[in-house]
Amino acid sequence: QERPLTELDGMSFELLGPKVQANLYNCPTQPPVHYLVRHGAIPFTRPPPTDLVQLTDWFEKDPEGAVEGVVWHSPTHGMVKVHRHHLGLTWPLPKGTPTRLGQAVGLL
């Protein structure tokens, strides 16, 4: 669905598709389909910690931390995005590790 870019101002998105990150989300390949998913489409039951040591621990041990990264939005400070690899952690996770990759999300 086409939307004016002005409607998306202040939002951030993740691009998913067969030609992105080895198609971790198993998007259709024939024909290739790509999606923009708004950050925040998969909510957390508890906010991730903002302390570096606690955040690293959260990514490694909390089931909700089995994600590629976290994005924080602030009306006064803009956006901050932390990927697992920024903390020296692996992504994608080893096969067989439970993740939130299969969770349904709303698309634009």
Side-chain angles (χ1 to χ4, degrees):
Q1 168 188 2
E2 291 183 22
R3 294 175 65 179
L5 287 177
T6 53
E7 288 184 18
L8 309 178
D9 190 35
M11 298 179 190
S12 62
F13 299 86
E14 193 73 25
L15 177 63
L16 312 178
K19 301 205 181 259
V20 180
Q21 292 188 358
N23 199 16
L24 288 174
Y25 299 89
N26 296 313
C27 297
T29 58
Q30 294 300 322
V33 178
H34 291 79
Y35 303 95
L36 281 178
V37 178
R38 183 178 177 186
H39 287 131
I42 300 176
F44 297 109
T45 58
R46 296 170 314 283
T50 54
D51 172 82
L52 181 63
V53 172
Q54 291 177 358
L55 181 61
T56 302
D57 195 53
W58 178 81
F59 273 124
E60 292 181 310
K61 298 176 183 170
D62 191 308
E64 287 197 322
V67 293
E68 178 184 4
V70 178
V71 178
W72 286 274
H73 289 270
S74 165
T76 55
H77 296 93
M79 178 187 84
V80 175
K81 184 174 185 178
V82 178
H83 287 258
R84 296 175 70 88
H85 69 82
H86 293 146
L87 304 172
L89 302 175
T90 303
W91 186 261
L93 296 174
K95 287 201 179 283
T97 304
T99 68
R100 300 179 77 189
L101 289 178
Q103 185 159 347
V105 296
L107 301 174
L108 287 179

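We number each residue from 1, following the sequence as shown.
In terms of heavy-atom proximity, W91 sits nearest to V67 at CZ3-C, 3.4 Å. Between E64 and T45, the closest heavy-atom pair is OE2-N, 2.8 Å. The two residues G65 and R84 come nearest to each other via the heavy atoms O-NH1, 2.8 Å.
Note on K81 versus E68: no salt bridge recorded, every NZ/NE/NH1/NH2 to OD/OE distance being 4.0 Å or above.
The structure places CG of N23 at 7.5 Å from NE2 of H34, a figure rounded to the nearest 0.5 Å.
No donor-acceptor pair under 3.5 Å is formed between the side chain of H77 and the backbone N or O of S74. With hydrogens and angles ignored, the 3.5 Å screen pairs no side-chain donor or acceptor of Q21 with any backbone N or O of L16.
Ring orientation note: the planes of H86 and H83 are nearly perpendicular, at an angle over 60° on the 30°/60° scale.
Aromatic rings from F44 and W58 are positioned such that their centres are separated by under 6.0 Å.
Two residues are said to be in side-chain contact when any heavy atoms from C-beta on lie closer than 4.5 Å; T56 and L89 meet this criterion. Residues R38 and S12 fail the side-chain proximity criterion, which asks for heavy atoms closer than 4.5 Å. For the pair H85 and T90, the minimum side-chain heavy-atom distance is 4.5 Å or more. Residues F13 and V37 form no side-chain contact, since every pair of their non-hydrogen atoms from C-beta on lies 4.5 Å or further apart. Using a 4.5 Å heavy-atom threshold, the side chains of P18 and V33 count as separate. Contact check for L5 versus L8: side-chain heavy atoms found under the 4.5 Å cut-off. Looking at H39 and E14, their side chains come closer than 4.5 Å, going by heavy atoms from C-beta outward.
Within the structure, salt bridge (charged side-chain N to carboxylate O under 4.0 Å, His left out) pairs that include any residue of residues 16-35 do not occur (at least two apart or interchain).
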